[in-house]
Novice: 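Sharing a structure here in structure tokens format.
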Amino acid sequence: MNNEDKKIKTIVRNVSDSDAFDIACRILKEGGLVAFPTETVYGLGGDGLRAESSEKIYAAKGRPSDNPLIIHIADMADVERLAREIPDKARTLMEAFWPGPLTVILKKKPEVPDTTTGGLDTVAIRMPSHPDAARLIRESGVLIAAPSANTSGRPSPTLAEHVIDDMNDKIDMILDGGPVGIGIESTIVDMTGDTPVILRPGYITKHMLEGVLGEVKIDKAIIEPDPNLRPKAPGMKYTHYAPSGKLTIIETSGRSYGDGNFDSDDTESRDDFGGPVSQAVIDRINLETEKAESEGLVTAVLTTSDMADRYKCKNIITLGESGSGTTVAARLYAALRECDRIGAEVIFSESFDRDELGFSIMNRLLKAAGHRVIEV
């Protein structure tokens with residue numbers, strides 16, 4: 001690619017930038033890499049059916065090669081190109097939630113390179129709802145393998161600027177589609193067995209899945225991480241989403257994931273997400289930040305906007321509103337990157353309600369903290 005092809009192109013909302021898309025399509029067809037927006041996070045895309053493209057993705061991210069990639073499609077017919085078996089329940093699931101933030105695991109055809117699937121005999125497939133992503137897939141004719149467009153282990157990008165920070169000198173092009181809507185990665189469901197299994201929680205919740213499929217299980221590795229696990233889906237094994245500083249979650253004693261099951265009255269109450277943080281948590285965070293600052297460390301606190309005035313730390317970084325899990329999810333990765341921008345060496349965060357959306361948010365936050373939790 002020449003320098004012109006490597007320059008960042010901007011797609012303005014509701015304005016067709018055919019030149020940008022033409023260049024992006026050509027890059028993908030030639031085996032190059034393009035970062036692009038989806039409704040969840042920005043993806044780092046390459047041709048999912050070309051082994052060399054997947055290898056370039058792993059190299060650009062510094063990602064372990066046994067961590068499988070998700071292939072993004074734009075039409076239902078594309079599933080037939082990738083999967084050798086499509087169970088009826090899988091079809092039901094795709095019809096209910098596609099296009100959208102849901103990834104389905106199916107048994108792969110031989111045409112799908114092992115490099116794309118991390119050596120597994122299964123393939124992860126998603127149909128994004130973001131119009132730029134759908135257009136890029138259709139116009140390029142490429143089934144796009146695309147993990148999040150960040151250096152492996154770093155917070156996922158929710159703005160093009162985040163991609164630039166991590167990827168600008170490593171890939172061929174970045175399509176800027178503005179801020180994403182959801183802010184955390186897709187829910188991943190393994191459909192290769194008799195009972196569907198959630199391998200990664202996300203915006204599509206267990207309760208929503210069960211409304212369509214009946215019984216759905218949660219992989220025990222989500223509840224109790226296993227360092228010896230061979231990952232069946234992105235995000236299952238390795239530390240992810242982490243800022244450069246040491247992040248610690250402080251929460252009320254006795255809170256836990258449990259088995260991932262929640263009362264039905266709580267599962268869909270996204271507008272009732274959150275709740276009062278105990279005074280004990282506030283006092284402990286203030287104590288820890290005061291101690292860290294007295295030692296000359298740059299310190300930050302992650303909280304919601306309505307709780308910000310309860311903390312004494314110099315750097316208060318807000319994650320949306322306590323009454324709205326969707327705003328917390330949308331702000332999570334940007335807040336973690338803000339910690340890096342200010343050079344935070346020590347970071348303390350509240351825990352967030354573990355209803356179903358909170359379960360997904362805490363999955364990311366715990367991985368970012370390396371499961372470092374103080375109970376009070």
Side-chain angles (χ1 to χ4, degrees), residues 155 183-184 201 223-224 241-243 245-263 265-376:
I184 57 174
I223 312 300
E224 299 176 4
Y241 326 119
K246 179 181 177 182
L247 171 62
T248 303
I249 299 166
I250 298 182
E251 65 178 20
T252 304
S253 179
R255 300 184 78 182
S256 68
Y257 275 111
D259 60 2
N261 291 301
F262 304 89
D263 294 335
D265 289 343
D266 295 331
T267 55
E268 297 307 308
S269 55
R270 296 179 192 273
D271 291 338
D272 297 327
F273 174 92
V277 177
S278 74
Q279 188 60 47
V281 168
I282 295 168
D283 290 344
R284 181 61 179 268
I285 290 178
N286 282 332
L287 178 66
E288 295 289 344
T289 55
E290 182 180 15
K291 177 184 176 184
E293 289 179 336
S294 71
E295 295 171 355
L297 298 172
V298 179
T299 308
V301 169
L302 301 180
T303 182
T304 51
S305 56
D306 54 307
M307 293 298 297
D309 62 355
R310 307 290 297 276
Y311 296 104
K312 301 174 183 178
C313 184
K314 177 182 177 181
N315 298 304
I316 306 294
I317 299 174
T318 59
L319 287 77
E321 305 165 4
S322 63
S324 173
T326 54
T327 64
V328 173
R331 272 281 299 155
L332 177 61
Y333 293 140
L336 293 174
R337 284 181 175 267
E338 177 68 9
C339 291
D340 285 349
R341 190 190 68 78
I342 66 172
E345 300 165 276
V346 180
I347 308 156
F348 297 97
S349 176
E350 301 167 357
S351 181
F352 295 93
D353 269 19
R354 292 180 179 181
D355 60 6
E356 282 203 283
L357 189 55
F359 181 73
S360 301
I361 292 168
M362 288 304 299
N363 170 264
R364 273 49 169 200
L365 196 58
L366 283 163
K367 282 183 173 292
H371 287 262
R372 189 179 302 104
V373 178
I374 295 175
E375 293 188 348
V376 296

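Since we're looking at a predicted model, the values are computed, not measured.
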Novice: Within this structure, what is the CZ-CD1 distance for the pair R331 and I184, rounded to the nearest 0.5 Å?
Specialist: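 Spacing of CZ (R331) from CD1 (I184) equals 15.0 Å.
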
Novice: Please examine the side chains of D283 and V376, heavy atoms only from C-beta on, and report whether any two atoms are closer than 4.5 Å.
Specialist: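 Side-chain contact under 4.5 Å: no.
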
Novice: With side chains defined as the heavy atoms from C-beta onward, is the minimum distance between R364 and P201 less than 4.5 Å?
Specialist: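 With C-beta onward as the side chain, the pair touches.
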
Novice: Under the side chain to side chain donor-acceptor pair (under 3.5 Å) definition, can you give me all pairs with a residue in residues 307-316, not counting sequence neighbours?
Specialist: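 Only Q279-R310, Y311-E350 qualify under side chain to side chain donor-acceptor pair (under 3.5 Å).
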
Novice: Which pairs, with at least one residue in residues 287-298 and sequence neighbours excluded, count as a salt bridge (charged side-chain N to carboxylate O under 4.0 Å, His left out)?
Specialist: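 Non-adjacent pairs meeting salt bridge (charged side-chain N to carboxylate O under 4.0 Å, His left out): R284-E288.
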
Novice: With respect to T304, which candidate in T327, T318, V328 satisfies the side chain to side chain contact (heavy atoms under 4.5 Å, CB included) definition?
Specialist: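 Exactly one candidate clears the test, V328.
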
Novice: How long is the gap from OG on S349 to CE on M362, to the nearest 0.5 Å?
Specialist: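 Between S349 OG and M362 CE, I get 7.0 Å after rounding to 0.5 Å.
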
Novice: In Å, rounded to the nearest 0.5 Å, how long is the span from CD1 of I347 to CG of L302?
Specialist: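 Output value for this atom pair is 6.5 Å.
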
Novice: Within this structure, what is the CG-OG distance for the pair L332 and S360, rounded to the nearest 0.5 Å?
Specialist: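 Rounded to the nearest 0.5 Å, the CG-OG separation comes out at 11.0 Å.
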
Novice: Mind checking the CG-OG1 spacing from L297 to T289? Nearest 0.5 Å is all I need.
Specialist: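 Result: 11.5 Å between the selected atoms.
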
Novice: Is the shortest heavy-atom distance from the side chain of T303 to the side chain of V277 under 4.5 Å?
Specialist: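 In short, these two side chains do not touch, never coming nearer than 4.5 Å.
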
Novice: Run the side-chain contact (heavy atoms from CB on, under 4.5 Å) test on F348 and T299 for me, step by step, so that the C-alpha distance in whole Å, both residues' side-chain angles and the decisive distance to 0.1 Å come before the verdict.
Specialist: CA-CA 8 Å; F348 297 97; T299 308; 4.2 Å; yes

Novice: Specify the closest pair of heavy atoms between G325 and I361, including all atoms of both residues, with the distance to one decimal.
Specialist: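 Looking at all heavy atoms of both residues, the shortest contact is O-CD1, 3.7 Å.
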
